[in-house]
**Q** 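One structure is given below, represented as structure tokens, and several questions about it will come after.
Whatever order the structure lists them in is the order used to number ligands and atoms, beginning at 1.
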Amino acid sequence: MNLSFLEEKIAELKEAGVYRKLPVLEGPNEAEIILNGQRVINLSSNNYLGFANHPKLKEAAIEAVEKYGVGAGAVRTIVGNMDLHEELEKLLAQFKREEAVMVFQSGFNCNAGTIQAIVERGDLIVSDELNHASIIDGCRLSSADKTIYKHCDMEDLERVLQENREKYRNVLIITDGVFSMDGDIAPLPEIVKLAEKYNALTYVDDAHGSGVLGESGRGTVDHFNLHGKVDFTIGTLSKAIGVIGGYVAGSEVMKDWLLHRGRPLLFSTSLPPAAVAPIIVAIKELMRTTEYTERLWDNARYFKAGLQELGFDLGKSQTPITPVIIGNEAKTMEFSRKLLEKGVFVSGIVFPTVPRGTGRVRCMVTAGHTKEQLDKAIAVFKEVGHQMGII
Ligand code: PMP
């Protein structure tokens, strides 16, 4: 087989300065890590609350292995549904203050499986232009018509609804709760109002709002106090919750339907017990105390203030996701490389993950960072930023 067409594409990436190799992590994903043999401050992890290496979660995982073994052994709908999965869904529904929750193997396939199960030919999906790739893929899998509205632009959303509502049976408005590359929050109260006015369904992917926004990390819907007003809320269990998996929170009838038509539930093995048990502990920790989310927000405010004072462009971030906008793709990757040389790991994000010309390094502050680590990172940003003429 001649794969020279792929070699040519790789050569183009190298030419554009955006070719990369996978960094290798030795040990847990924490505030400070060993990356490719170098000890660095980690500003790229989604481990917002430090749960990925939390002693209580690890203990729960070990106990679950002893009791249940290492794999679920089947898809949920055959014989892969353990009492642990049931317990987790009940707990999550309580935590999210929703009627029911369905857990999937990842946030990605939760979007892919849910969207295509709920809308079909004769329906319309109306999606924010900056929605996550897994939403885009979920939309592609659905036979519904699709259209986008300008990012967080409520006038544009209303225009789309006005022009199209009459032509379709169901209209589904989809937005990220927190946008993963910019850290801005969707104007959910306005979206819900428009959905009510035009009799549309609402779908919020809250991967980056879960464990971050709202009371003890209950998410963007809780942040705006919109319980019962959003039809489908997606959360991930792999970022703030520290393990793996995704879920959709909503009504009993939604859950019932997904059990019959949510393809990842029907055709892919369920989460292993060693993943489910620590997730249960994580949710209980959040229900017990707000200390994790308070530490996260305190660190995020501290770090952002430090970078802002130096004159970096942090875009529109309203959350711990802190993009430092550079613009040019090659310069973005060079900035990221130079930060790493000085002991700070922040991944460069360029096209196609973000639009061309809006390259950025994306800093993820976590509850696990110490003020000393954040101070050191700010000092390195200052040095490299001056060196490269960014500030
Ligand atoms: N939605 C959004 C907005 C995300 O940022 C991500 C993760 N990058 C996902 C879904 C997918 O979540 P997971 O990593 O659990 O598959």
**Q** Would you be so kind as to tabulate the donor-acceptor pairs closer than 3.5 Å made by side chains of residues 376-391, with sequence neighbours excluded?
**A**
residue	atom	partner	partner atom	Å
Glu383	OE2	Lys342	NZ	3.0

**Q** Hydrogens and angles aside, do Asp128 and Thr175 bring a side-chain donor and acceptor to less than 3.5 Å of each other?
**A**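 Per modelled atom types, Asp128 and Thr175 side chains form no pair under 3.5 Å.
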**Q** Using a 4.0 Å cut-off on heavy atoms, what residues surround ligand 1? Order them by chain and number.
**A**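 Near ligand 1, by chain and number: Ser106, Gly107, Phe108, Asn111, His132, Ser134, Asp176, Ser180, Asp205, Ala207, His208, Thr236, Ser238, Lys239, Gly245.
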**Q** Considering residues, nucleotides and ligands other than Arg121, do more than 12 of their heavy atoms fall under 6.0 Å from its CZ?
**A**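 12 or below, so no.
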**Q** Tell me whether the count of non-hydrogen atoms from other residues, nucleotides or ligands lying under 6.0 Å of NZ in Lys371 goes above 12.
**A**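 Enclosed.
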**Q** Looking just at side-chain N and O atoms, do Tyr302 and His369 make a donor-acceptor pair shorter than 3.5 Å?
**A**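 The answer is no; no qualifying pair exists.
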**Q** Taking CZ in Arg295 as the centre, count heavy atoms belonging to other residues, nucleotides or ligands within less than 6.0 Å. Is the count above 12?
**A**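 Atom CZ in Arg295 is crowded, with more than 12 foreign heavy atoms closer than 6.0 Å.
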